[in-house]
Amino acid sequence: MDRRHLLSIKDLDKEDITLILDTAEGFRDVLKRDIKKVPALRGKTVVNLFFEPSTRTRTSFEVAAKRLSTDVINFSVPTSSVVKGESLIDTAKTIQSLGADFVVVRHSSSGASHLLSRQMDASIINAGDGINEHPTQALLDAFTIREKKGILKGLKVAIVGDILHSRVAKSNIPCLRKLGAEVRLIGPPTLIPDGFREEGIEVFHSMEEGIEDVDVIMMLRIQLERQDRGFFPTVDEYFRLWGLTTERLSLAKEDAIVMHPGPMNRGVEIDSAVADSPSSVILEQVTNGIAVRMAVLYLLGGRG
């Protein structure tokens, strides 16, 4: 992997993805040590440029960067010149003048990170752009599945929920398929875009039919903030038809794992009994996210 940026899973081939996951394994071991820091990127500067709220992703990138001994700057939009009308490009150029080596970008507009990659000398990492992609989430999900199952090739993975607005799904689908997994989508007809069947992806509108005999169930948050019209009657109705319950989980394979990128809406897309069950690897996804993001920074920094 010798690219300067990580903007999209579509830019990576199977070998690139495998290299990132293999590198993350080494950093996962580092995180288990008493001293969890390595000097791999000492002297480098990482700027977290988040225009949308984030807990897991921003904190995960901050911890990952500090574990690699970089300097970290968290850019606070509400207290910046952005609120005075400064453009994204001008903000980026200001950050560039501070000597940033990596800029981690989250923005409500699809393609924002791609735009910055053409304007800045720093390595740009897409931490979520609109409803387009969230590549590091897909990588940490693949890492977690591989850690639990040993291999992804041949696994049946069900992605459930708001596919239409989910940048997590739009990165996970190509990532998992490149690694040989069989992906199926489950949700209301209004929240699964047309065209997936033409790509050879099975689509189910029945939760019971869709999760039968799957190895992995990946639940997605209902993104009400991105919806400008009613895609389903009520959240109660949504949970009744597409929420993951203990009864529905029993239809999957006995050793199936349950995933969620967070934040979870308990009682809307997932029942608490499932979220807190032994099948859940949701908290492990958070821990693995640090190792994967360390790997991404390390490799984009020309190391390894």
Side-chain angles (χ1 to χ4, degrees), residues 1-33 35-49 54 56-72 100-106 113 117 122-128 133-152 167-168 171-172 174-176 178-181 259 261-262 281-304:
M1 179 177 172
D2 58 358
R3 296 173 175 81
R4 286 183 54 229
H5 312 294
L6 177 59
L7 307 176
S8 168
I9 289 294
K10 298 180 181 69
D11 296 334
L12 306 179
D13 56 27
K14 179 182 176 182
E15 288 69 29
D16 291 327
I17 296 170
T18 301
L19 174 61
I20 294 171
L21 302 189
D22 290 345
T23 305
E25 277 192 12
F27 287 125
R28 185 74 170 83
D29 292 337
V30 169
L31 296 175
K32 296 176 182 177
R33 301 176 188 169
I35 299 176
K36 300 177 176 63
K37 183 174 284 191
V38 292
L41 294 180
R42 181 180 292 162
K44 301 287 188 179
T45 300
V46 175
V47 175
N48 285 324
L49 181 59
S54 172
R56 291 161 185 79
T57 303
R58 189 192 63 78
T59 304
S60 178
F61 268 111
E62 181 176 0
V63 173
K66 288 180 176 178
R67 294 287 184 261
L68 292 168
S69 301
T70 71
D71 296 318
V72 180
D101 298 288
F102 306 91
V103 179
V104 182
V105 185
R106 171 167 287 188
S113 56
S117 72
S123 292
I124 307 299
I125 301 172
N126 182 4
E133 276 213 49
H134 191 353
T136 59
Q137 181 67 47
L139 291 166
L140 76 87
D141 289 342
F143 182 84
T144 304
I145 295 171
R146 192 175 80 164
E147 183 180 58
K148 290 295 179 182
K149 298 294 184 180
I151 191 171
L152 282 93
R167 52 197 175 202
V168 172
S171 284
N172 258 298
C175 182
L176 293 169
K178 286 178 181 183
L179 295 172
M259 310 180 75
V281 297
I282 296 169
L283 293 180
E284 290 170 71
Q285 287 175 265
V286 177
T287 302
N288 289 339
I290 299 172
V292 167
R293 286 163 179 142
M294 287 176 73
V296 168
L297 289 166
Y298 182 77
L299 292 168
L300 289 180
R303 306 299 176 137

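This one's a predicted model, so the numbers in the text were calculated from it and none came from an experiment. Note that the numbering runs from 1 along the sequence shown for the chain.
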Report summary line: Closest heavy-atom pair, Val103 versus Ala122, reported as atoms and distance to 0.1 Å, is CG2-CB, 4.0 Å
Query raised in the report: Does Gln137 reach the side chain of Val292, with side-chain heavy atoms less than 4.5 Å apart?
Result: no
**Report entry** Heavy-atom closest pair, residues Leu31 and Lys36
**Finding:** O-CE, 3.1 Å
Report task. Mind listing the closest non-hydrogen atom pair of Tyr298 and Leu68 along with its distance? Result -> N-CD1, 4.3 Å
Query raised in the report: Is any side-chain heavy atom of Ile125 less than 4.5 Å from a side-chain heavy atom of Val46?
Result: no
**Report entry** Working for side-chain contact (heavy atoms from CB on, under 4.5 Å), residues Leu179 and Arg146
**Finding:** CA-CA 10 Å; Leu179 295 172; Arg146 192 175 80 164; over 6 Å; no
Requested in this report: Kindly compute the distance separating CD (Glu147) from CD (Gln285), expressed to the nearest 0.5 Å.
Outcome: 11.0 Å
Report task. Report yes if the side chains of Leu139 and Ile9 come closer than 4.5 Å at any heavy-atom pair, otherwise no. Result -> yes
Query - Spatial distance of atom CD1 (Ile17) from atom CG (Leu152) [nearest 0.5 Å] - result: 10.0 Å
Query raised in the report: So does Lys14 have more than 12 non-hydrogen atoms from other groups sitting under 6.0 Å from NZ?
Result: no
Query raised in the report: Do Asp16 side-chain atoms and Asp13 backbone N/O form a donor-acceptor pair below 3.5 Å?
Result: yes
Query raised in the report: Do the side chain of Lys148 and the main chain of Ile145 share a donor and acceptor less than 3.5 angstrom apart?
Result: no
Query - Value rounded to 0.5 Å, distance of CG in Leu7 from OG in Ser123 - result: 10.0 Å
Requested in this report: Find the distance between OG1 (Thr23) and CZ (Phe143) and round it off to the nearest 0.5 Å.
Outcome: 10.0 Å
Query - Residues that Thr136 engages under side chain to side chain donor-acceptor pair (under 3.5 Å), provided they are two or more places apart - result: Arg293
Query raised in the report: Distance from Arg58 atom CZ to Glu62 atom CD, nearest 0.5 Å?
Result: 5.5 Å
Requested in this report: Would you indicate whether the side-chain heavy atoms of Leu6 and Asp11 approach each other to under 4.5 Å?
Outcome: no
Report task. Evaluate the side-chain proximity of Phe27 to Arg67: yes if any heavy-atom separation is below 4.5 Å, no if none is. Result -> no
Query raised in the report: Should Thr287 and Arg28 count as side-chain neighbours, where that means a heavy-atom distance under 4.5 Å?
Result: yes
Requested in this report: Walk me through it: do Val168 and Asp141 pass the test side-chain contact (heavy atoms from CB on, under 4.5 Å)?
Outcome: CA-CA 10 Å; Val168 172; Asp141 289 342; 4.2 Å; yes
Query raised in the report: Considering only heavy atoms from C-beta outward, does the side chain of Arg33 approach that of Val38 to under 4.5 Å?
Result: yes
Report task. Determine whether Leu297 and Lys44 make a side-chain contact, defined as any pair of heavy atoms from C-beta on separated by less than 4.5 Å. Result -> no
Requested in this report: Please name the pair of heavy atoms, one in Val72 and one in Ala65, separated by the smallest distance, quoted to 0.1 Å.
Outcome: CG2-CB, 3.5 Å
**Report entry** Gap between atom OG1 of Thr144 and atom CD1 of Ile282 - 0.5 Å precision
**Finding:** 11.0 Å
Query - Flag, side chain of Arg106 to backbone of Ala127, donor-acceptor distance under 3.5 Å - result: yes
Query - Sidechain-backbone polar pair: Ser69 side chain, Arg42 backbone, donor-acceptor under 3.5 Å - result: no
Query raised in the report: What's the shortest heavy-atom distance between Ile124 and Ser113, and which atoms?
Result: CG2-O, 3.7 Å
